[in-house]
Amino acid sequence: METLKQLYIDTFHVIPQSVETLKAAGSNRQYVRFTDSEGQSAIGVIGTSVQENNAFVTISRHFREKNLPVPEVYAISKDGLRYIQQDLGSRSLFDALRDGRENGGNYGQNEIQLLRKVIRMLPEIQFRGAEGLDWKVCYPQPEFDEENIHFDLNYFKYCFLKATEIDFHERLLEADFRALTGALLNDQSQAWGFMYRDFQARNIMLDDNDNPWFIDFQGGRRGPLYYDLASFLWQASASYGEKIRETLIDDYYDRLNELVTDGCPCVITELPSRTDFQKQLSLFALFRLLQVLGAYGFRGYFQRKQHFIDSITPAIKSLKKLIADNDFPFPYLLKILNGLIDKQLSANDNTLTVRIFSFSYKRGIPEDCSGNGGGYVFDCRATHNPGRYEPFKKLTGLDEPVIRFLEEDGEILSFLDSVYQLADSHIKRYIQRQFTSLMFSFGCTGGQHRSVYAAQHLADHIRENFPTLKVVLTHREQQRPRALVLAAGLGTRLKPITDTMPKALVRVGGSTLLERTIETLRKADIANVVVNVHHFAGQIKDFLANHKLMVKTDISDETQKLLDTGGALLHARPLFNTIAPVLIHNVDIISNADIPALLQCSEQTDSSATLLVSSRETTRYLVFDDDGNLTGWKNVKTGETKGSVPVNARKYAFSGIHVVKQEIFPLLQQYSLTISDDRFSIIDFYLWACSRTNIRCFIQNDLQLTDVGKIQTLQNINDNC
């Protein structure tokens, strides 16, 4: 902050009378209003990316040369992370439309005139702004392309669709995603200009005469004109009625026609017919709504921000209306979306919701989120336990061998007959009394076999006999954090030992490194572990098959190609639970890491990844800002840096232990496509991803860590055991 304040002083040669921190909307950028003794003000900005700041500053100066109403940039710091811009006041178009928005979309004439004025400015920005613009300055990329679309559709799939537990066929859905992508890109040569990317009411400021000024266009790039129009008109919270939307489309189309007639540079040479224009716009509206739902899923379901959860229903209603009004040629996608719409909208009525849990008594009875006291709790421990038998220990009550065992034994069937009778009568009474929440919980020793079977079958019974009810099934112990143990390395530094065995099976103090790592994870309450293998893969597979390690293990096979940590994580994704976080741990690390605290930190923050770090001395450090967000990397021995590394940056040593949430996987896939390689470093990925999502540090000051990667280190440890 002091650096920004000094930049203001150097620019205006006055000391600010007041410094006001402004509330940020949805980015990591910080905004400050400086005001001098005469009441003159300017906005100071602290960004997290030099490239992003450069994009804003360069585009802003270019737009002003084209007489477009954007803020003037007065100065930018030498490190490129801070700049001073014109203060456009505090009244946005979003603020000006509050009455109509809160009145269910019943906008007054003054509000409609504001909307019409703004929408007629959009073609000016898209095409006059595109004239002579150096697209290479755009961040993070110069052009809207197939990769953009692919990333956003996968964002919707993984962060929204899967979180709502809608069943879908992956390949059929991907086929329609490809068809939609082709349809969106089919007019690239005729209808492309500057794509604002974030054209919405919050990013449009109004002066005293209600003239619009435009901000937050730093993510802009070359792209289709329809995108921004769809983004603006199908804002979920705006609730624009059909009549208003048609009026605004007509205004936009008319202004576009005027620019074509006037021969404005960069404008399409031949305007599509109004019908064709509307048809293409509807495709972008569909894409935009899927994109928005992906963001709402991430912010709401994963980061647990209520505002975004509340925004889901309006977006779903807009999607329902859009699908009803258009004949989209994507049959399987429409099937999935219609099912999604029905499920989401039915969840918001007064229908009874039945929540069913399986759990382990070792970890306590599930809490009732409705506040109604928890409903019924059934103890399954009186029934025959398949977990006592070796063939079933790594299976669950959802696996066929366990199901067959329980049903042939028969005890659990008699148990469930009584449960069904009680549940049916209770549900009927709850419906009569118009109650909205009921909970059933099934517990057993480990929450793995009997309770899972019972909970699953009660859910199926209720869905069959009460098809209008909403049934939410949670197998609590199956949603505990998973872990990826990195054991595929060649172990070059441990030669000649690793000439005949993998590093993971090297013994330290009587136990293999793999055993020690898995035991550490088990003590941290992680019951499912994936082990990646490459070097002497067969030995590790045999070892896991023949040793009782008290956790469920799976193999991620990299025999054909060693993928490095980033590629290994992406490759192992199908083996992880849909919503559970994943802890990554190198097999050759021995430490006193507080893994439960690391997992808790990950759960309680909005980070997509949380990295365990410490202040120990090393040559290579990760760099974090004051909020603990990753910004860069530095080799203090060579001076090499990556990303943003301010002079007074907080530098910490990485431990090789980190936690990722499920929303990281679409970014992993996008990065892999960007570099055209499925093998990549996790650190290089994090440095790329930290400008797109939060990558945070968890600092453990008392961390003691030994990297068992060298012969001498191994000998020292064994000598002291």
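When reading the values below, keep in mind they use all heavy atoms of this one structure, side chains included, and skip hydrogens, waters and symmetry mates. As the structure is a computational prediction, the values presented were derived from the model and not from experiment.
Within the 3.5 Å criterion, the main-chain N or O of R197 finds a donor-acceptor partner in the side chain of D228. With hydrogens and angles disregarded, a donor-acceptor distance shorter than 3.5 Å links the side chain of K661 to the backbone of S602. Under a 3.5 Å cut-off, the side chain of D95 and the backbone N or O of R91 do not form any donor-acceptor pair. Between the side chain of E111 and the backbone N or O of G100 there is at least one donor-acceptor pair closer than 3.5 Å. With hydrogens and angles ignored, the 3.5 Å screen pairs no side-chain donor or acceptor of N203 with any backbone N or O of F199. The backbone N or O of D210 sits less than 3.5 Å from a side-chain atom of K117, completing a donor-acceptor pair. Under the 3.5 Å distance criterion, the side-chain polar atoms of D176 are matched with a main-chain donor or acceptor of Y332. R288 places no side-chain N or O within 3.5 Å of a backbone atom of Y227 that could act as its donor or acceptor partner. No donor-acceptor pair under 3.5 Å is formed between the side chain of E477 and the backbone N or O of G447. Between the side chain of R29 and the backbone N or O of V45 there is no donor-acceptor pair closer than 3.5 Å.
In terms of the side-chain hydrogen bond (donor to acceptor under 3.5 Å, both in side chains) criterion, E663 has no residue partners (sequence neighbours excluded). Annotation: side-chain contact (heavy atoms from CB on, under 4.5 Å) contacts of D525 (sequence neighbours excluded): R363, R480. The ring-ring contact (aromatic ring centres under 6.0 Å, His included) check on H150 picks up nothing, with sequence neighbours excluded. For D251, the salt bridge (charged side-chain N to carboxylate O under 4.0 Å, His left out) partners are R116, not counting sequence neighbours. With sequence neighbours left out, K279 forms a side-chain contact (heavy atoms from CB on, under 4.5 Å) with no residue at all. Taking H426 as the reference, Y376, Y430 meet the ring-ring contact (aromatic ring centres under 6.0 Å, His included) condition, with sequence neighbours excluded. Evaluation of the ring-ring contact (aromatic ring centres under 6.0 Å, His included) rule for Y671 yields F680, F685, W688 as partners, not counting sequence neighbours. F698 pairs by the ring-ring contact (aromatic ring centres under 6.0 Å, His included) definition with nothing, not counting sequence neighbours. Partners of H571 according to the side-chain contact (heavy atoms from CB on, under 4.5 Å) rule, which considers only residues two or more places apart in sequence or in another chain, are S556, E558, L563. With sequence neighbours left out, the side-chain contact (heavy atoms from CB on, under 4.5 Å) criterion links Q600 to Q604. Every residue two or more places apart in sequence or in another chain that forms a side-chain hydrogen bond (donor to acceptor under 3.5 Å, both in side chains) with S282 is listed here: N326.
Outside the 6.0 Å centre-distance limit, the rings of Y139 and F56 are not counted as a close aromatic pair. Taking the six-membered ring for Trp and the full ring otherwise, F277 and Y226 have centroids separated by under 6.0 Å. Remark: aromatic rings of F442 and F359 are distant, center separation not under 6.0 Å.
When all heavy atoms are compared, the tightest approach of L599 to P481 is CD2-CB, 4.1 Å. Closest of all the heavy-atom pairs between C690 and L630 is CB-O, 3.3 Å. Here the shortest heavy-atom pairing between P212 and M121 reads CG-CG, 4.3 Å. Closest heavy-atom contact between Q30 and D627: NE2-OD2, 4.4 Å. Minimum heavy-atom separation, R482 to I526: C-CG2, 4.0 Å. Residues Y107 and L97 approach most closely at CE2-O, 3.7 Å, considering heavy atoms.
Checked against P224 for a side chain to side chain contact (heavy atoms under 4.5 Å, CB included), the options Q126, M195, Q280 give a single hit: M195.
For the residue pair T247 and D250, no side-chain donor N or O sits within less than 3.5 Å of a side-chain acceptor on the partner. A donor-acceptor pair shorter than 3.5 Å can be found between the side chains of S437 and R355. Checked by atom type, the side-chain pair T674/E147 shows a donor-acceptor distance below 3.5 Å. Defined by atom type and a distance below 3.5 Å, a donor-acceptor pair is present between the side-chain atoms of N148 and Q141.
For the pair L668 and V660, the minimum side-chain heavy-atom distance is 4.5 Å or more. Considering only heavy atoms from C-beta on, Y158 stays 4.5 Å or farther from Q662 through its side chain. Looking at heavy atoms from C-beta onward, K320 lies out of side-chain contact with K317 at the 4.5 angstrom threshold. Taking the side chain as every heavy atom from C-beta outward, F665 and L569 approach each other to under 4.5 Å. Within the 4.5 Å cutoff, no side-chain heavy atoms of F156 are placed close to those of V292. At a threshold of 4.5 Å between non-hydrogen side-chain atoms, the residues F576 and L484 count as touching. Put simply, the side chain of F287 reaches to within 4.5 Å of the side chain of L153, judged on heavy atoms.
The side-chain tip of R202 points at the ring of F94 from less than 6.0 angstrom away and within 45° of straight on.
Put simply, CG on L340 and NZ on K335 are 14.0 Å apart, with the number rounded to the nearest 0.5 Å. Atom OG1 of T631 is separated from atom CD1 of I695 by 12.0 Å, given to the nearest 0.5 angstrom. With values rounded to the nearest 0.5 angstrom, D145 atom CG is found 8.0 Å from L185 atom CG. In this structure, CD on Q291 lies 10.5 Å from OH on Y296, to the nearest 0.5 angstrom. Summarising the geometry, atom CZ belonging to F194 is positioned 6.0 Å from atom SG belonging to C138; distances are rounded to the nearest 0.5 Å. Expressed to the nearest 0.5 Å, how far CD1 of I664 lies from OH of Y686 amounts to 6.0 Å.
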### Message
Does L286 form a side-chain contact (heavy atoms from CB on, under 4.5 Å) with L319? I'd like the steps, not just the answer.
### Response
CA-CA 7 Å; L286 174 63; L319 182 61; 3.7 Å; yes
### Query
Please walk me through it: do I431 and I427 pass side-chain contact (heavy atoms from CB on, under 4.5 Å)?
CA-CA 6 Å; I431 292 172; I427 288 172; 3.8 Å; yes
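Counting only residues at least two apart or on different chains, the salt bridge (charged side-chain N to carboxylate O under 4.0 Å, His left out) pairs with a member in residues 454-463 are D460-R463.
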